[in-house]
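In what follows, a structure is listed as structure tokens, so that the remarks can point back to it.
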There are 4 protein chains.
Amino acid sequence: MVLSVKRLSIDDARILLEGAAMKSREIGVPMCTAITDDTGLLLAFEREDGGKPTSVSIAIDKAYTAAGARRPTRFYGERTTPDGPTWGIHTSNGGRFNVIPGGLPLVLDGAVIGGVGCSSGTGDEDEQVAQAAIDHLYAKLNEGA
Amino acid sequence: MVLSVKRLSIDDARILLEGAAMKSREIGVPMCTAITDDTGLLLAFEREDGGKPTSVSIAIDKAYTAAGARRPTRFYGERTTPDGPTWGIHTSNGGRFNVIPGGLPLVLDGAVIGGVGCSSGTGDEDEQVAQAAIDHLYAKLNEGA
Amino acid sequence: MVLSVKRLSIDDARILLEGAAMKSREIGVPMCTAITDDTGLLLAFEREDGGKPTSVSIAIDKAYTAAGARRPTRFYGERTTPDGPTWGIHTSNGGRFNVIPGGLPLVLDGAVIGGVGCSSGTGDEDEQVAQAAIDHLYAKLNEGA
Amino acid sequence: MVLSVKRLSIDDARILLEGAAMKSREIGVPMCTAITDDTGLLLAFEREDGGKPTSVSIAIDKAYTAAGARRPTRFYGERTTPDGPTWGIHTSNGGRFNVIPGGLPLVLDGAVIGGVGCSSGTGDEDEQVAQAAIDHLYAKLNEGA
């Protein structure tokens with residue numbers, strides 16, 4: 001009855017960080033990028049030269065939220081408005097539930113196996129870099145397949 | 001490969017506090033004023049006679065936020081509204097990300113080298129005193145140049 | 001029936017910081033020094049160039065403890081040993097109750113009116129600088145008397 | 001009057017992580033390794049496959065402590081015993097002041113420019129991996145010189 005779960009390896013995490021760094025350089029926004037496993041626990045992190053000090057914990061919390069809640073942080077941002085369906089969720093988890101765009105769950109074969117969180121740019125830029133990290137990993141996994 | 005960064009000295013911080021105290025007396029609002037380095041770490045602080053007890057941590061957090069996020073706290077306040085682009089950022093960093101006017105980054109030669117945070121008056125008054133602190137330092141630096 | 005309490009002014013706090021800085025330079029140990037009022041609330045703070053980052057909160061907590069508990073922090077350190085009379089007090093107050101030498105209450109006419117906390121050197125050095133700050137203030141008060 | 005300080009770059013941090021991973025494989029202990037800048041702020045982190053979940057924050061706090069307090073965490077562990085000179089320091093900094101072996105300051109030209117923290121093995125194993133990370137960076141810097 002014991003479950004078997006899929007989980008990001010540190011090698012996968014390094015590929016995700018590589019993908020984030022490539023996109024970050026391309027758009028000229030030095031980024032903080034965090035990678036978590038499927039439980040939201042930190043696997044890897046990089047603050048590029050020029051990444052914002054206050055974005056260290058924001059990036060970590062975005063990845064934590066996306067992995068743990070199984071949704072992009074943007075999803076919650078749109079619903080966490082007064083009278084919205086998730087109103088108040090942003091102060092939960094000791095304030096770590098982050099609802100700013102830039103956190104994405106990493107899905108493999110229908111299951112969430114990790115999370116990616118980026119911070120230092122606008123929410124759109126952060127999300128673009130997080131998506132590029134995921135696309136980079138998918139491309140590498142397909143090469144290997 | 002090691003980076004070389006500029007950072008406020010304690011002498012600079014004292015000049016900033018002096019500038020804040022002058023403006024604070026001028027407008028008749030006793031102020032809490034905090035000065036941080038470029039990473040948001042506290043360098044110097046003063047609570048003038050009559051400064052509000054709850055403003056001690058607000059001033060420190062405003063300086064922390066402005067230095068670390070490289071923006072005036074007002075910038076984030078304007079965007080941290082339901083559906084706004086930074087909605088939710090106010091609960092990040094353990095609740096220390098402050099979005100009330102009165103925190104200003106200190107910029108020298110294009111780089112953020114510290115932060116100034118004021119609290120006890122209205123947001124506009126707080127920001128006015130923080131700006132006066134920075135203007136006072138710039139004037140002193142120019143005298144020395 | 002309302003009480004009248006004596007409390008440090010910001011001018012007194014500046015004299016205390018001046019006294020601390022003089023002694024700190026004399027012994028060649030750059031210091032973090034915090035001054036609180038009689039309730040342990042921060043009045044003034046300075047981190048000298050070279051003061052340790054981890055000493056920011058330690059200095060603030062030493063002053064908080066000495067003012068609030070009406071005793072030198074060393075007093076509690078000596079008693080906060082397994083089976084000692086104050087065992088466990090070091091984790092109270094959200095972990096802010098500091099029992100390392102370097103925090104001193106400031107006494108005037110038999111009443112505690114504030115606290116001084118120093119950190120960055122050894123406990124003995126920290127306490128020496130805190131004492132020098134207090135001696136400097138007493139000397140100034142006597143001059144004025 | 002503005003100070004100029006040296007700080008680890010992300011490229012340096014990646015070399016440190018590479019050195020840690022090499023030693024970690026050599027001794028067969030999967031490790032959590034954190035790299036901070038000179039103020040203790042996180043620059044980079046890796047949890048190798050098999051690294052302990054509770055070691056994520058321990059590694060980060062060891063690096064934070066070693067960088068901020070300018071000493072190996074072992075130094076404080078040896079002195080943070082009942083009646084020891086730093087007794088009580090382990091609850092400071094919001095509980096982040098870590099006194100277990102495995103955190104080392106990174107020194108360049110006499111100045112602390114960052115910190116390395118390892119956790120998942122014994123304290124001795126953790127410190128061995130942190131030292132290997134630093135030795136690896138020094139070797140690379142000397143190659144480049």
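Order of the sequence lines sets the chain letters (A, B, ...), proteins ahead of strands, with each chain counted from 1.
- In this structure, the side chains of D:Leu106 and D:Tyr138 come closer than 4.5 Å at one or more pairs of heavy atoms.
- Under the 6.0 Å distance and 45° angle rule, D:Arg71 counts as a cation-pi partner of D:Phe75.
- Counting heavy atoms from C-beta outward, D:Ser120 and D:Met31 have side chains that approach closer than 4.5 Å.
- Defined by atom type and a distance below 3.5 Å, a donor-acceptor pair is present between the side-chain atoms of A:Asn93 and A:Tyr64.
- Heavy atoms of D:Ile60 lying under 4.5 Å from chain A belong exclusively to its side chain.
- Annotation: side chain of A:Ser119 is not in contact with side chain of A:Lys52 (no heavy-atom distance under 4.5 Å).
- Using a 4.5 Å cut-off between heavy atoms, A:Arg7 makes no contact with chain D at all.
- Contact tally against chain D (heavy-atom pairs below 4.5 Å) for A:Thr33, A:Ile35, A:Leu8, A:Leu43: the top residue is A:Leu43.
- The candidate with the highest count of non-hydrogen atom pairs below 4.5 Å against chain D, out of A:Glu46, A:Arg14, A:Arg47, is A:Arg47.
- When each of A:Asp37, A:Thr39, A:Leu17 is checked for heavy-atom pairs under 4.5 Å with chain D, A:Asp37 comes out on top.
- Heavy atoms of A:Ala21 lying under 4.5 Å from chain D belong exclusively to its side chain.
- Here the closest heavy-atom approach between residue A:Cys32 and residue A:Val56 is recorded as SG-N, 3.9 Å.
- Counting heavy-atom pairs closer than 4.5 Å to chain A, the top-ranked of the candidates D:Ala44, D:Gly51, D:Pro30 is D:Ala44.
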